[in-house]
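When a residue number appears, it is its place in the shown sequence, counting from 1. Side-chain atoms are counted along with the backbone in the values below, which use heavy atoms only and exclude waters and symmetry mates.
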Amino acid sequence: MMMKLNFVAQWVLMGRRIQKPFSRPRMFSSAIKQCEGGVSMVQGASRGIGLEFVRQLLEKNNKGHVVATCRNPNGANGLLELKNKFAERLDIHQLDLTIDSTIEAAAKSVEDKYGYLNLLVNASGILSIPNTLQPETTLNKLQRDSLLLNYEVNAVGPILVIKVGGGTGTERSLAVVANISARVGSIGDNRLGGWHSYRSSKSALNQLTKTVSVEFARKKDPITCILLHPGTVDTDLSKPFQKNVPEGKLFTKEFSVQKLLSIINNAKASDNGRFFAWDGQEIPW
């Protein structure tokens with residue numbers, strides 16, 4: 001992918017005043033190396049779908065560079081193995097969606113080294129945490145802490161990671177921001193109920209992403225912002241709930257990410273603000 005999303009956006013701090021954006025003169029400095037093959041960033045890359053995005057982006061584009069972020073890089077064994085294999089093309093940085101300073105630091109590192117992105121994938125998400133967080137089956141089990149934690153990680157965090165850029169000097173006319181959502185976030189498709197915290201956090205992510213996409217279009221920024229449902233994928237996130245998945249509907253990480261990358265690679269300006277399933281079908285809000 002040869003699209004370029006400039007790092008001139010404001011990094012909004014949760015619960016704080018909006019900070020000043022990075023200056024254009026610094027970003028467009030001649031000292032910034034323009035990387036053949038483009039630059040992609042995967043947020044939430046230590047395991048599951050995020051790690052698979054990193055692997056496929058590196059393996060399918062032998063000149064592309066990838067920035068992978070996660071909460072604990074030193075414990076991300078899968079990423080460290082990829083770093084050994086793709087030492088010159090993979091950068092790993094700490095980024096915890098609940099800690100403002102790590103968001104700022106990751107942005108600064110990418111700005112200093114590359115100055116732009118062609119693709120941003122927000123892949124992180126939570127559904128359950130042993131002894132802390134479980135999807136609710138009834139209203140009586142709903143807790144304030146669960147709602148807020150889901151919202152912070154699944155909705156607020158990914159939006160704060162998006163870098164809004166002008167796209168000046170791009171090698172292709174379009175950059176892509178892909179936020180990993182879920183079909184359960186669709187209000188129109190909600191026929192089963194339950195999973196109040198997770199479901200509503202994904203609905204919030206959808207609304208926030210749609211709102212950002214409208215702003216991009218209004219400013220004529222050459223950025224397409226899309227939402228992607230990966231299907232039910234065999235990851236740690238889905239493991240406790242796989243027994244109810246119909247036969248043939250539990251996907252491997254490799255299959256799901258391959259399908260999602262196909263959608264990303266074929267994204268057009270007219271796809272800005274749309275919500276797609278892994279098979280390319282549009283999902284109702």
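- Annotation for Ala76 and Cys70: closest pair CB-SG, 4.0 Å, computed over non-hydrogen atoms.
- Contact between Phe275 and Pro284 at its shortest, heavy atoms only, is CD2-O, 4.3 Å.
- Between the side chain of Thr102 and the backbone N or O of Asp96 there is at least one donor-acceptor pair closer than 3.5 Å.
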Original post:
side chain to side chain contact (heavy atoms under 4.5 Å, CB included) between Val66 and Asp91: does it pass, once the steps are laid out?
Top reply: CA-CA 6 Å; Val66 176; Asp91 295 320; over 6 Å; no
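- Side-chain atoms of Val121 and Ser40, non-hydrogen and from C-beta on, never get closer than 4.5 Å to each other.
- A heavy-atom distance below 4.5 Å is found between the side chains of Thr209 and Ile159.
- Residues forming a ring pair (Phe, Tyr, Trp, His ring centres under 6.0 Å) with Phe86 (at least two apart in sequence, or on another chain): none.
- Looking at Leu227 and Phe276, their side chains never come closer than 4.5 Å, going by heavy atoms from C-beta outward.
- Considering all non-hydrogen atoms of both residues, Ser109 and His93 come closest at CB-CE1, 3.5 Å.
- Put simply, the side chain of Gln134 never gets that close to the backbone of Ser128: no donor and acceptor are under 3.5 Å apart.
- Note on Lys219 versus Glu215: salt bridge recorded, some NZ/NE/NH1/NH2 to OD/OE distance being below 4.0 Å.
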Original post:
side chain to side chain donor-acceptor pair (under 3.5 Å) between Thr138 and Asn140: does it pass, once the steps are laid out?
Top reply: CA-CA 5 Å; Thr138 68; Asn140 290 337; 4.7 Å; no
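- Within the 4.5 Å cutoff, the side chain of Leu57 has heavy atoms near those of the Leu119 side chain.
- At a cut-off of 3.5 Å, with distance as the only test, no side-chain donor of Asn272 or Thr224 sits close to an acceptor on the other residue.
- Within a 6.0 Å radius of CG in Leu192, no more than 12 heavy atoms belonging to other residues, nucleotides or ligands are found.
- Each of Pro135, Ser201, Ser200 was compared with Trp195 under the side-chain contact (heavy atoms from CB on, under 4.5 Å) criterion, and only Pro135 meets it.
- Of all non-hydrogen atoms in Ala155 and Ala204, the two that sit nearest each other are CB-CB, 3.9 Å.
- Residues Asn179 and Leu228 form no side-chain contact, since every pair of their non-hydrogen atoms from C-beta on lies 4.5 Å or further apart.
- The number of heavy atoms from other shown groups lying within 6.0 Å of NZ (Lys85) does not exceed 12.
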Original post:
Would Leu260 and Ile180 satisfy side chain to side chain contact (heavy atoms under 4.5 Å, CB included), going step by step from the backbone distance to the final call?
Top reply: CA-CA 9 Å; Leu260 298 182; Ile180 303 302; 4.1 Å; yes
Subject >> From CA spacing to verdict: ring pair (Phe, Tyr, Trp, His ring centres under 6.0 Å), Tyr114, His65 >> reply: CA-CA 10 Å; Tyr114 299 109; His65 289 245; 5.7 Å; yes
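- Within the 4.5 Å cutoff, the side chain of Leu120 has heavy atoms near those of the Ile162 side chain.
- With sequence neighbours left out, Leu142 forms a side chain to side chain contact (heavy atoms under 4.5 Å, CB included) with Glu136, Leu139, Leu147, His196, Ser197.
- Remark: side-chain polar atoms of Ser256 are paired, donor with acceptor, to backbone N or O of Pro230 under 3.5 angstrom.
- Atom-to-atom distance recorded for Ser213:OG and Arg218:CZ is 10.0 Å, nearest 0.5 angstrom.
- Closest heavy-atom contact between Ile263 and Ala277: CD1-O, 3.2 Å.
- No more than 12 heavy atoms of other residues, nucleotides or ligands lie within 6.0 Å of CD1 in Ile187, so this atom counts as exposed by the packing criterion.
- A donor-acceptor pair under 3.5 Å is absent between the side-chain atoms of Asp271 and the main chain of Ala267, judged by distance alone.
- Ser203 and Gly185 get closest at one heavy-atom pair: OG-O, 2.6 Å.
- Residue pairs satisfying the side-chain hydrogen bond (donor to acceptor under 3.5 Å, both in side chains) criterion with at least one member in residues 41-54, sequence neighbours excluded, are listed as follows: Gln43-Asn122, Gln43-Ser124, Arg47-Asp236, Glu52-Arg55, Glu52-Gln56.
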**OP:** Might you work through the side chain to side chain contact (heavy atoms under 4.5 Å, CB included) test for Trp285 and Asn206, ending with a clear yes or no?
**Re:** CA-CA 8 Å; Trp285 298 116; Asn206 293 353; 3.7 Å; yes
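- Of the possible polar contacts, none joining the Asp221 side chain to the Ile223 backbone as a donor-acceptor pair under 3.5 Å is found.
- Looking only at distances, a side-chain donor or acceptor of Arg89 sits under 3.5 Å from a matching main-chain atom of Gly64.
- With hydrogens and angles disregarded, a donor-acceptor distance shorter than 3.5 Å links the side chain of Lys83 to the backbone of Leu90.
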**OP:** Any chance you could lay out the side chain to side chain contact (heavy atoms under 4.5 Å, CB included) test for Asn190 and Val184, step after step, and finish with the verdict?
**Re:** CA-CA 7 Å; Asn190 184 358; Val184 296; over 6 Å; no
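- Under the 4.5 Å side-chain criterion, counting only non-hydrogen atoms from C-beta, Ile226 is not in contact with Val177.
- Note: Asn154 CG to Leu149 CG = 8.0 Å, rounded to the nearest 0.5 Å.
- Cluster annotation: Leu80 is connected to Phe53 through the hydrophobic network of ILVMFWY side chains, with a link wherever side-chain heavy atoms come within less than 4.5 Å.
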